[in-house]
Every structure is written in C-alpha cells, then in structure tokens.
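In what follows, chains carry the letters A, B, and so on, assigned in the order in which the sequence lines appear, proteins first and then strands, with residues in each chain numbered from 1.
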Number of protein chains: 2
Amino acid sequence: MNQPAPLDAVMRTLADPTRRAVFERVVGATEITVGELTRGSGVTQGAISQHLKSLKQAGLVAERPEGRNVYYRAESKGLAPLVDWMSHYGVFWRERFDQLHALLKEMDP
Amino acid sequence: MNQPAPLDAVMRTLADPTRRAVFERVVGATEITVGELTRGSGVTQGAISQHLKSLKQAGLVAERPEGRNVYYRAESKGLAPLVDWMSHYGVFWRERFDQLHALLKEMDP
DNA sequence: CCAAAGAATTAGTCGACACTAATACATTAG
DNA sequence: CTAATGTATTAGTGTCGACTAATTCTTTGG
C-alpha cells in the first residue's frame with residue numbers, strides 16, 4: 001500500500017533548505033570535501049557532517065575518504081524514488097512521464 | 001541565489017507522509033470531499049483540513065465548495081516547481097529531463 | 001425552526017530535528 | 001613526537017509542526 005520507503009527518506013531529506021543546498025552543491029561539483037561545503041554554508045562543520053550523513057542514508061550522496069579529507073559526490077540513482085513517485089502522482093505530467101519512462105527503457109539497457 | 005520559494009513549499013508540504021497520502025488520494029480521485037479523505041486516513045477531520053490547507057497554500061490542490069461539502073482536486077501545475085528543480089539537479093536524469101522539457105514545449109501550445 | 005452533518009479554526013501537547021559547542025578520532029606536516 | 005588540520009560524533013537547546021479535542025460556522029434535512 002506504501003511506496004518503498006526510500007521515497008520517505010528522500011522527501012524528508014530534501015525538505016530541509018540547508019540540506020537541499022548542500023545536495024545542490026554536491027551535484028554541482030564533481031567531488032567536494034566537507035570543508036569546502038562548510039565554507040559559505042552559514043552553518044557549522046558539524047552541521048554539514050550531519051546533513052551529509054542524512055543525505056548518504058537517503059542514498060543521495062556517496063563518500064570517498066582520502067587521507068584526512070572526505071570527498072562527497074552525488075549518487076546518480078539517488079533521485080530515482082522521486083522520479084518514480086512523480087511518474088505515478090505527477091498529474092498532468094503523468095501521461096508524459098509514462099511516455100518518458102518507456103523511452104528511457106529503450107535508451108537504457 | 002535561491003530557487004523560487006514555491007519549491008520550498010512543495011518540498012516541505014510533500015515531506016510529511018500523511019499529507020502526501022492525502023495528496024495522492026486527491027490525485028487518484030477526480031474530486032473528493034474532506035469527509036471521504038478523513039475516512040480511512042487514521043487521523044482526525046481537523047488534521048485533514050489542516051493538511052488540505054497546507055496543500056492548497058503550496059499550490060498542490062484546489063477547492064470547490066458546494067453546499068456544505070468542499071470538493072478538492074489536484075492542481076495540475078502544482079508539481080511544476082519540483083519538475084523544474086529536478087531538471088536542474090536531477091543528475092543522471094538531467095539530459096533526459098531536458099529532452100522531456102523540449103518535448104513538452106512542442107506538445108503544449 | 002431545530003437538529004444534524006460537513007468543514008474550518010483554535011489552543012495546547014508532544015515529539016522530531018536542525019543547530020551549536022565541545023569533544024574525539026584520524027591523518028599529515030614540521 | 002607534536003601540533004595542526006579535516007571530519008565525525010555527542011549532548012544539550014530551541015523551534016517547528018503534526019496531531020487531538022473542542023469549538024464555531026454554514027448548510028441541509030425533517
């Protein structure tokens with residue numbers, strides 16, 4: 001009766017503006033460290049770490065530790081639950097999403 | 001520096017599972033009353049009214065009062081901010097969303 | 001006209017969570 | 001080795017919001 005639960009995590013995680021901004025910066029960069037993300041974020045390094053933890057648990061980002069730095073990158077399929085949900089409840093976009101999905105299935109082996 | 005604000009409202013509104021479920025039921029039905037939505041929702045009529053208020057303010061639903069009933073329906077362009085955001089930050093889906101956007105522009109006069 | 005039904009609003013409660021400050025842990029530089 | 005740097009974690013605080021119970025308002029049925 002419910003969606004996979006992943007959707008819940010994705011929605012809840014992206015609902016917070018600060019955390020969404022972090023995600024957007026991660027997406028914008030190929031790879032980015034916690035320190036860089038902290039700069040100009042307006043919040044503490046600890047807060048950024050916590051947000052990254054949430055994003056990771058939601059499957060939206062992945063990490064690559066290197067020395068004393070940790071590089072974060074966007075998880076390519078992280079938004080899939082959201083895409084799936086929109087394909088079901090997108091109203092107005094639904095038929096078009098369905099067409100898109102069919103199209104993507106062909107394009108993606 | 002920020003996204004249109006509407007995105008914030010849409011995200012925050014759809015983040016709550018109960019409210020999202022309400023939205024899904026509204027989408028599923030052509031039109032539906034508060035009473036029907038309350039039935040089987042697990043929460044009070046007052047709570048449903050509050051959720052509908054949020055959904056309305058986020059531009060996700062519209063109302064049509066008729067007698068002592070109020071019929072709610074999905075607002076077709078309500079999810080547009082979310083679609084736009086995903087077209088920017090959808091990673092992996094981005095190119096495909098861009099194609100979709102171009103496609104929609106043609107289809108929609 | 002009165003009672004009942006449908007919906008919105010209010011005040012109040014409780015839990016979730018975003019944040020800070022402080023600390024702990026690991027790694028690199030000198 | 002020692003100090004400094006980068007990140008994660010912890011406890012504690014304050015705010016926000018989801019919910020209920022109760023009330024109000026409107027409309028309809030008898």
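- The salt bridge (charged side-chain N to carboxylate O under 4.0 Å, His left out) contacts involving residues 35-52 of chain A comprise nothing, where partners must be two or more places apart or lie in separate chains.
- Under the rule for a side chain to side chain contact (heavy atoms under 4.5 Å, CB included), the partners of A/Ala62 that lie at least two apart in sequence or sit in another chain are A/Arg73, A/Glu75.
- Taking atom CZ on A/Arg20 and atom C1' on C/dA18, their separation rounds to 14 Å, with Å as the unit.
- Remark: A/His51 is not in phosphate contact with C/dC17, judged by side-chain N or O atoms under 4.0 Å from OP1 or OP2.
- Within the 4.5 Å cutoff, the side chain of B/Val22 has no heavy atoms near those of the B/Val61 side chain.
- Residues from residues 58-68 of chain A lying near DNA chain C, meaning a heavy-atom separation below 4.0 Å, are A/Gly67, A/Arg68 in numerical order.
- A search for salt bridge (charged side-chain N to carboxylate O under 4.0 Å, His left out) contacts involving B/Glu31 returns B/Arg64, not counting sequence neighbours.
- Of the side-chain N and O atoms in A/Tyr72, none sit less than 4.0 angstrom from OP1 or OP2 of D/dG6.
- Proximity note for B/Arg12 (side chain, C-beta onward) versus D/dG17, C/dG6, C/dC19: the nearest is D/dG17.
- The side-chain hydrogen bond (donor to acceptor under 3.5 Å, both in side chains) test applied to B/Arg20 returns A/Asp8, not counting sequence neighbours.
- The nearest whole Å value for the distance from the CZ atom in B/Arg19 to the C1' atom in D/dC19 is 12 Å.
- In this structure, the side-chain hydrogen bond (donor to acceptor under 3.5 Å, both in side chains) partners of A/Ser49, at least two apart in sequence or on a different chain, are A/Gln45.
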- Item | side chain to side chain contact (heavy atoms under 4.5 Å, CB included) between B/Leu14 and B/Leu79, intermediate numbers included | CA-CA 10 Å; B/Leu14 293 177; B/Leu79 289 176; 3.7 Å; yes

Just the table, please: protein N/O against nucleotides 20-22 of chain D N/O, every pair under 3.5 Å.
from   : atom 1 : to      : atom 2 : distance (Å)
D/dT20 : OP2    : B/Thr44 : N      : 2.8
D/dT20 : OP2    : B/Thr44 : OG1    : 2.9
D/dT20 : O5'    : B/Thr44 : OG1    : 3.3
D/dT20 : O4     : B/Gln50 : NE2    : 3.2

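- Atom CG in A/Leu52 sits roughly 13 Å away from atom C1' in D/dG6 (whole-Å rounding).
- With sequence neighbours excluded, no residue satisfies salt bridge (charged side-chain N to carboxylate O under 4.0 Å, His left out) with B/Arg25.
- Dashed line: the shortest gap from a side-chain N or O of A/Asn69 to OP1 or OP2 of D/dT7 is under 4.0 Å.
- You'll find that the side chain of B/Lys53 is closest to C/dT9, out of C/dA7, C/dT9, D/dT7.
- The side chain of A/Thr18 lies closest to C/dC19, out of C/dC19, D/dA8, C/dA7.
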Anything under 3.5 Å between a donor and an acceptor, one on a side chain of residues 50-58 of chain A, the other on a protein residue two or more places apart or in another chain? List them.
from    : atom 1 : to      : atom 2 : distance (Å)
A/His51 : ND1    : A/Arg19 : NH1    : 3.4
A/Ser54 : OG     : A/Gln50 : O      : 3.3
A/Lys56 : NZ     : A/Glu63 : OE2    : 2.8

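- No engagement by B/Tyr71 is indicated, since no non-hydrogen atom pair under 4.0 Å with the nucleic acid exists.
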